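Notes for the one structure printed next.
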Amino acid sequence: MQATSSHARPFVSLVGAGPGDPDLLTVKALRLIQSADVVVYDRLVSEEIMALVNPQAELLFVGKKLNHHCVPQEQINKILVDKALQNKHVVRLKGGDPFIFGRGGEELATLVDHHIAFEVVPGITAASGCSAYAGIPLTHRDHAQSVQFITGHLKQQGQDIDWPSLAHTNHTLVFYMGLKQAPVIRQNLICHGLAIDTPCAIIERGTTAKQRVLTGKLSELEQLAAQAISPSLIIVGTVTRLHQQLNWFNK
Ligand code: SAH
């Protein structure tokens with residue numbers, strides 16, 4: 001075991017908590033949250049997971065929501081450094097995987113600057129967890145030979161995305177943080193060649209008891225997104241049709 005609460009030196013574990021279902025925590029993540037001195041966590045970490053944390057640990061919520069920056073990133077970085085320098089074992093707990101749209105790299109760079117030792121514990125990212133619980137294989141020999149994870153948190157109406165490289169058949173697209181930008185996503189994918197009837201799905205609060213799966217066509221993406229709440233994942237591609245057949249969860 002790498003880290004315990006009796007650390008003699010500053011140490012931070014950057015830990016992925018998975019998409020919501022506490023049973024999707026890794027064994028290592030569970031062990032670390034049960035022995036941490038300090039847990040710094042955000043909005044995507046489910047209540048059920050927080051209930052598993054060491055009851056003696058100091059809990060610091062630094063939740064972030066699009067357009068509601070509760071705690072600026074620089075301040076989160078400072079909290080990690082300050083707590084670790086008190087020779088505490090700090091667990092930085094993030095939804096999903098810390099290296100997939102999680103700004104994990106930025107937090108680690110600050111630790112490096114302060115010569116603080118760390119480890120990284122991967123988690124099940126939303127794309128894997130939600131697609132599994134929705135019965136949507138991200139690749140399938142008859143549908144998609146590749147899959148791409150894309151942030152929907154776009155600057156300048158999507159000009160920062162290479163749309164021509166996304167608009168292909170036999171390819172699955174998974175948009176994180178895409179609800180607000182659903183009109184931009186729909187418009188660009190259609191403009192760059194995807195058929196308007198390309199099947200798509202939105203998975204809301206995936207892997208939790210409240211999971212909801214909305215399905216439709218690319219031309220309807222905006223209307224589907226308007227019915228969904230965060231956190232939601234958008235999947236575009238013919239694999240989403242398999243949900244009808246392979247859905248097993250929440251039946
Ligand atoms: N590091 C995280 C992603 C953080 S970005 C990971 O690897 O999963 C936040 C986005 O992830 C949300 O806006 C949403 O698009 C997606 N997401 C995270 N958890 C989700 C869930 N349980 N259901 C649906 N989408 C989820």
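Order of listing sets the numbers, starting from 1, for every ligand and every atom in it. Only this structure's heavy atoms are used, side chains among them; waters, hydrogens and symmetry mates stay out. Just so we're clear, the structure is a prediction, and the values are computed from it rather than from any experiment.
Inclusion of Y176 in the set of residues having an N or O under 3.5 Å from an N or O of ligand 1 is not warranted. Of the N or O atoms in P19, one or more lie within a sub-3.5 Å distance of an N or O in ligand 1. Ligand 1 has an N or O atom lying under 3.5 Å from an N or O atom of G95, backbone or side chain. Polar contact check, I100 against ligand 1: a nitrogen or oxygen pair lies under 3.5 Å apart.
Under a 4.0 Å N-O distance rule, the pair D42/R103 does not qualify as a salt bridge. A salt bridge links E107 with K94: the distance from a Lys NZ or Arg NE/NH1/NH2 to an Asp or Glu carboxylate oxygen falls below 4.0 Å. Salt bridge absent: E204 and K210 never bring a charged side-chain N and a carboxylate O closer than 4.0 Å.
Across the listed options G16, G206, G102, G206 owns the non-hydrogen atom lying nearest to atom 23 (N) of ligand 1.
Within the structure, the closest approach of K94 to ligand 1 does not fall below 4.0 Å when heavy atoms are considered. The shell of residues lying under 4.0 angstrom from ligand 1, judged by heavy atoms, includes S232. Taking 4.0 Å as the cut-off, T207 does not count as a neighbour of ligand 1 on heavy-atom distance.
A 4.5 Å side-chain heavy-atom check between V90 and D37 finds every atom pair outside the cut-off.
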- May I have the step-by-step check of ring-ring contact (aromatic ring centres under 6.0 Å, His included) for F61 and Y41, ending in yes or no? CA-CA 5 Å; F61 177 69; Y41 67 105; 5.3 Å; yes

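Put simply, the residue from H89, R31, R92 that forms a side-chain hydrogen bond (donor to acceptor under 3.5 Å, both in side chains) with S13 is H89.
Residue, atom and distance of the protein heavy atom nearest to atom 17 (N) of ligand 1 are A126 CB, 3.5 Å.
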